[in-house]
There are 2 protein chains.
Amino acid sequence: MDSRVHDILRRNQLSVTASREKILNLFLTNTRALAHADIEHKAGEKFDRVTVYRTLQTFVEKGILHTIPTPDNSIKYALCKNDCFEGHHHDNHYHFVCSVCGKTECFEDFIIPSVKLPKDYIANNMEIVVNGICSACRKK
Amino acid sequence: MDSRVHDILRRNQLSVTASREKILNLFLTNTRALAHADIEHKAGEKFDRVTVYRTLQTFVEKGILHTIPTPDNSIKYALCKNDCFEGHHHDNHYHFVCSVCGKTECFEDFIIPSVKLPKDYIANNMEIVVNGICSACRKK
DNA sequence: GTAACTGCAAAATATTTGCATCCTT
DNA sequence: AAGGATGCAAATATTTTGCAGTTAC
């Protein structure tokens with residue numbers, strides 16, 4: 001169990017329960033984004049379907065996780081970085097989905113260029129999903 | 001009925017049926033993107049749910065429509081521009097979703113900056129969804 | 001006439017809600 | 001002890017599949 005699990009839950013005024021600890025730990029020990037099914041059917045674990053729904057929803061509301069829209073329109077979840085706590089999302093990041101293995105990753109260290117909008121439009125945030133082939137699949 | 005409807009269907013080797021004509025016409029006479037429910041419950045029309053699913057899928061496969069992932073993870077569909085025929089998507093466009101009225105639009109006339117990827121990653125295309133307030137809602 | 005498309009029924013999936021019980025604080 | 005979280009059952013909602021009848025070409 002990752003040592004940050006407990007702190008993150010307390011920091012967000014969430015009671016520390018077994019399900020929350022295990023699910024949050026999955027994200028902390030995993031670089032890729034996870035879908036509901038990835039969590040529910042995780043080997044060796046038996047999470048109740050409803051608990052997974054509710055836990056993910058709670059984490060998103062608290063800003064611990066954020067959702068990623070994928071090309072096939074399934075929902076994936078990924079950890080927000082530190083800046084995301086308190087609901088203030090740090091939106092200068094984008095997502096990469098590998099079309100071969102399906103791995104979804106969240107990159108923060110790359111400049112996101114601003115986009116021009118038509119007159120009188122206001123942009124609040126921007127979601128960028130890049131599709132391609134990850135380094136591991138490219139080398140196969 | 002928009003005069004382009006017939007041409008577009010023939011151009012994509014699709015037989016011209018009433019449902020396809022009506023659904024395609026909705027997109028041609030509408031600047032916003034439409035969700036499955038928008039079409040099925042369209043006033044004055046009674047489309048069979050299954051026919052809508054199949055028609056949308058066919059249009060996406062043919063490259064007539066493309067899907068837009070929205071923040072609430074519902075699927076919306078929008079017309080591809082001419083360049084998209086034959087399955088060659090013209091991906092230099094992005095989508096705007098108004099957080100007030102929910103209107104989803106497809107903009108093509110704005111430069112999309114390239115994004116740097118980690119070493120050995122290959123980008124095939126990029127999906128950009130901008131959230132904000134459209135001009136109509138801003139003026140209210 | 002033939003192949004493709006539609007619409008109905010039904011199956012399969014996915015998501016939400018209610019509630020009694022259990023756990024955290 | 002009190003409030004919140006869980007897990008089961010059941011209600012809803014969504015999407016897919018099968019198939020007989022209909023339509024386009």
Side-chain angles (χ1 to χ4, degrees), chain A residues 1 4-27 33-42 44-65 67-77 102, chain B residues 1 3-27 33-42 44-77 102:
Chain A
M1 182 67 64
R4 291 166 291 173
V5 166
H6 192 270
D7 287 346
I8 291 173
L9 291 175
R10 299 315 303 270
R11 186 171 177 173
N12 286 281
Q13 296 97 46
L14 294 173
S15 46
V16 180
T17 65
S19 299
R20 285 175 178 168
E21 284 185 311
K22 286 181 195 164
I23 292 174
L24 181 51
N25 191 55
L26 283 179
F27 284 97
L34 302 171
H36 176 101
D38 295 330
I39 297 164
E40 191 187 335
H41 304 124
K42 202 72 183 179
E45 295 287 354
K46 52 174 196 313
F47 294 112
D48 181 77
R49 181 187 300 269
V50 176
T51 299
V52 175
Y53 277 115
R54 290 194 272 225
T55 302
L56 290 173
Q57 180 178 289
T58 300
F59 285 176
V60 169
E61 283 168 358
K62 289 293 186 179
I64 299 169
L65 298 179
T67 59
I68 304 174
T70 58
D72 63 333
N73 287 289
S74 69
I75 312 175
K76 297 219 175 185
Y77 299 84
Chain B
M1 182 67 64
S3 61
R4 290 166 292 173
V5 166
H6 192 270
D7 286 346
I8 291 173
L9 291 176
R10 299 317 303 269
R11 186 171 176 176
N12 286 281
Q13 296 98 46
L14 294 173
S15 46
V16 180
T17 66
S19 299
R20 286 175 177 168
E21 284 185 310
K22 287 181 195 164
I23 292 174
L24 181 50
N25 191 55
L26 284 179
F27 284 97
L34 302 171
H36 176 100
D38 296 329
I39 296 164
E40 191 187 335
H41 304 124
K42 202 73 184 181
E45 296 285 355
K46 53 175 197 313
F47 293 112
D48 182 76
R49 182 187 299 270
V50 176
T51 299
V52 174
Y53 276 114
R54 290 195 272 225
T55 301
L56 289 173
Q57 181 180 289
T58 299
F59 285 177
V60 169
E61 283 169 358
K62 289 293 187 179
I64 299 169
L65 298 178
H66 64 271
T67 60
I68 304 174
T70 59
D72 63 333
N73 287 290
S74 69
I75 313 175
K76 296 218 175 186
Y77 298 83

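No experiment lies behind these values; they were computed from the predicted model shown. Below, read A as the first sequence line, B as the second, and so on, with proteins coming before strands; counting in each chain starts at 1.
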Mark up nucleotides 4-11 of chain C, 5' to 3', with B wherever a protein heavy atom is under 4.0 angstrom from a base atom, S wherever such an atom reaches only the sugar-phosphate, and - elsewhere. SSSBBB--
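- The separation between A/Arg49 atom CZ and C/dT16 atom P is 12 Å, rounded to whole Å.
- Heavy-atom contacts of chain B under 4.0 Å fall on DNA chain D between two terminal nucleotides, which in 5' to 3' order are D/dT14 to D/dC25.
- B/Arg10 pairs by the side-chain hydrogen bond (donor to acceptor under 3.5 Å, both in side chains) definition with nothing, not counting sequence neighbours.
- When the side-chain contact (heavy atoms from CB on, under 4.5 Å) test is applied to A/Ile75, the partners found at least two apart in sequence or on another chain are A/Thr67, A/Tyr77, B/Asn73.
- Summary for the helix from C/dG1-D/dC25 to C/dT25-D/dA1: the axes at its two ends, each from 5 pairs, differ by 40° when rounded to the nearest 10 degrees.
- The side-chain hydrogen bond (donor to acceptor under 3.5 Å, both in side chains) search around B/Arg54 returns none, not counting sequence neighbours.
- Taking CD1 from B/Ile8 and OG from B/Ser3, the interatomic distance works out to 9.0 Å, rounded to the nearest 0.5 Å.
- Listed by chain and number, the residues in a side-chain hydrogen bond (donor to acceptor under 3.5 Å, both in side chains) with B/Thr58 amount to none (sequence neighbours excluded).
- Distance check, rounded to the nearest 0.5 Å: NZ of A/Lys22 to NZ of A/Lys46 gives 6.5 Å.
- Qualifying side-chain contact (heavy atoms from CB on, under 4.5 Å) partners for B/Thr55, counting only residues two or more places apart in sequence or in other chains: B/Arg20, B/Ile23, B/Thr51, B/Phe59.
- Residues forming a ring-ring contact (aromatic ring centres under 6.0 Å, His included) with A/Phe47 (at least two apart in sequence, or on another chain): none.
- For A/Glu40, the salt bridge (Lys or Arg N to Asp or Glu O under 4.0 Å) test picks out A/Arg49, with sequence neighbours left out.
- A search for ring-ring contact (aromatic ring centres under 6.0 Å, His included) contacts involving A/Tyr53 returns A/His36, not counting sequence neighbours.
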